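In this text, all values refer to a predicted model and were calculated from it rather than measured experimentally.
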Protein chains: 2
Amino acid sequence: MTTIKDVAERAGVAPSTVSYVLSGSRKISEDTRRAVQAAIDELGYHPRASARTLRSARTRVLALAAPRVPGAYRAIDGRFAIDVTDAARGHGYDVLLMTDSDGVGGLRRVACSGLADAAVLMAVEDRDPRVEVLGELGFPAALLGRDDHAQLPWTDLDWDAAVALAVRETAAAGHRRILFLSSAEHEVAARRGYALHGLDGARRATAETGAEVRVVPSHRDPDVLARRLREALTARPAPTALVVQHLILLPRLLDAVATAGLRVPDDLTVVLVGSLPDELGIRHLPRIDLPVAEMSTAVARLAIDAIDPGSDARPPSGPPHHLIQPRMAGPAIAPPSLG
Amino acid sequence: MTTIKDVAERAGVAPSTVSYVLSGSRKISEDTRRAVQAAIDELGYHPRASARTLRSARTRVLALAAPRVPGAYRAIDGRFAIDVTDAARGHGYDVLLMTDSDGVGGLRRVACSGLADAAVLMAVEDRDPRVEVLGELGFPAALLGRDDHAQLPWTDLDWDAAVALAVRETAAAGHRRILFLSSAEHEVAARRGYALHGLDGARRATAETGAEVRVVPSHRDPDVLARRLREALTARPAPTALVVQHLILLPRLLDAVATAGLRVPDDLTVVLVGSLPDELGIRHLPRIDLPVAEMSTAVARLAIDAIDPGSDARPPSGPPHHLIQPRMAGPAIAPPSLG
DNA sequence: CGAATTCGTCGAATCGATTCGACGAACGGC
DNA sequence: GCCGTTCGTCGAATCGATTCGACGAATTCG
């Protein structure tokens, strides 16, 4: 267990000098620097994080508050966690993973006991109790998901623009009767940002394109979803395109489409907004991907920037945010069949 | 920022007494204990983790090494991360999330700088370099996935027994020509435990049941998978059941089945071994689920037990492990149609 | 009733880094 | 050649908890 004292001894300098070599916060002659570096390498010295933190009051750790309750945790959240961790590492930060299984208690514990410098909140809800606790504690944080109400920085895909773009492009491909499978009802009820903004975008695009867009609210129960979808698909005149925001049940959804006797994209064009894990291999449909990597990078950045409020001047208006514009990906949207 | 000294002052005792109240490592009179507890509550005192760690050389943190490379990270891994975190919390431990984006460097850094007391490795490969580093450092660890080669504790589903059970039950339902879609070729090549043991189980069950079991190696490319599957499904005499271990591409797989003109389960019975995220809503097929919760609990336990090797006597033979027996779930396996 | 024990609490050393003030040496100006 | 800088390094205080030895008071025992 080598300490800074061992390194100093071996290099023939004082411990403080080693510290200055490490931090670069004071000027050190090239000779001394080399000697210290050599001693560090030879001994394989790693500064003890706890000692460093105790003195400097900086942990260089970000707390990542992930959802675990069924219905809040999504498959893609694992990818977010990984990407946020990598992004944080890029700034020299580690990530402490937390669940909401003990509600806000975990967050309070981590903040108060000095286990992290800032928090990143995933799956933020309207009037999220975690946001209140962070505000009360004055703990720096950033949100993965839009929330204009909370006085905290956030990043998100512009869901309004995304759904509007999907509908607009679908209409531009020639479709006049479009189905929009929105978020699940309980997500709308929870006033989740993506759910509300997605609906807004659908409405806006409807007005702009003049196409007939029917909104079908999704449901977390696959059977309810399948039933609703079948009804909407068999209505006459039949819709020719389906824009899907609620992707989680996509396998069951495609199953329901197949059961209705429809072929994709010959009988029905399917356009996706959002993201499933890459590995599911859903690469054959036109879509707007959730920019997981960009959002993760942004939220790590926002959280870290929130740690040291003295560094730059107080922003004139509210906390910063990072709104990402949507882009179409995958194959082109097929036009409606002539039948 | 309240410290133990503030609490002591308020309670009219020495700081060390407060510490003893907190840790319970010395006897304290009931009166003093109450006074100290009152002071703690009134001041909202939380011990500083860094100070505690510096002195006691215990972080009460587990490092969770998650895979990020495409093909190694799976959607279900996010669920594992969450469940391991909850299990660790149950023992008073927090979880530091790490990726393998910097190879073994991150693990070495976390171990040497004293950021964690033990590591949990996900997605362990044969001759995993991370295992070697941990061995070299003498850092306590446990593996999420069977590895009889590494001298480390592990937990896993008994994949051999799982695939054997699935095949056996399928044969018992009356199927004589069974297709087994094994793990992807690259997983077998990487000698991943589940891939090898799954194949073993298929072989064993074949011998036992006398059914004709054809092994179709899966592939990470959905198109290759679809082609292989179609060929196998259209062979004559046609197979009547499909046992699937490679679940990741299930949506594409079901799509390929539908494209071949087959209905599930009327024309083809599909049995799953392993797990997709719950939320995908694949609940309508007979299956053997990956025991995510049980594995997570076990691995957290194994890692924490590995921290303090002096507590119990040296085990006579190798590190402990936790092998979980499979159970069928979901609807019963449909018998082959009479056609 | 005095000595030996037990009980509960205290004071001080300690963990390993950071950081500030100080100090000696080299250097430049006049 | 003397004085005032500048430069590079050092020593010591500090962060906030843990933990050991010690110590006075209460209790037990001969």
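In this structure, A:Asp117 contributes its side chain and A:Thr59 its backbone to a donor-acceptor pair below 3.5 Å. Of the possible polar contacts, one joining the A:Asp147 side chain to the A:Ala150 backbone as a donor-acceptor pair under 3.5 Å is found. Of the possible donor and acceptor atoms, one in the side chain of B:Asp77 sits under 3.5 Å from a partner among the backbone N and O of B:Arg74. Counting only distance, with no hydrogens or angles, the side chain of A:Ser113 and the backbone of B:Arg48 share no donor-acceptor pair below 3.5 Å.
In this structure B:His322 satisfies the ring-ring contact (aromatic ring centres under 6.0 Å, His included) test with no other residue, sequence neighbours excluded.
Among the atoms of the strands shown, base atoms are found under 4.0 Å from some heavy atom of A:Leu54.
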Q: Kindly indicate, with the supporting measurements, whether the criterion side-chain hydrogen bond (donor to acceptor under 3.5 Å, both in side chains) is fulfilled by B:Arg109 and A:His46.
A: CA-CA 8 Å; B:Arg109 185 179 55 82; A:His46 286 257; over 6 Å; no
Q | Stepwise salt bridge (charged side-chain N to carboxylate O under 4.0 Å, His left out) test for B:Arg34 and B:Glu30 | A | CA-CA 6 Å; B:Arg34 253 201 307 272; B:Glu30 186 53 29; 3.4 Å; yes
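For the pair B:Glu9 CD and D:dG16 C1', the interatomic distance rounds to 14 Å; values are reported in whole Å.
B:Arg89 CZ: more than 12 foreign heavy atoms inside a 6.0 Å radius.
Residues from residues 107-118 of chain A that place a heavy atom under 4.0 Å from any atom of DNA chain C: there are none.
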Short heteroatom pairs, N/O only, protein and nucleotides 17-20 of chain D, under 3.5 Å:
| unit_1 | atom_1 | unit_2 | atom_2 | d |
| --- | --- | --- | --- | --- |
| D:dA17 | OP1 | B:Tyr45 | OH | 2.8 |
| D:dA17 | OP1 | B:Arg48 | N | 3.1 |
| D:dA17 | OP2 | B:Ile4 | N | 2.3 |
| D:dA17 | O5' | B:Tyr45 | OH | 3.0 |
| D:dT18 | OP1 | B:Arg52 | NE | 3.0 |
| D:dT18 | OP1 | B:Arg52 | NH2 | 3.3 |
| D:dT18 | OP2 | B:Ser19 | OG | 2.7 |
| D:dT18 | O2 | B:Arg55 | NH1 | 2.8 |
| D:dC20 | N4 | B:Tyr20 | OH | 2.3 |

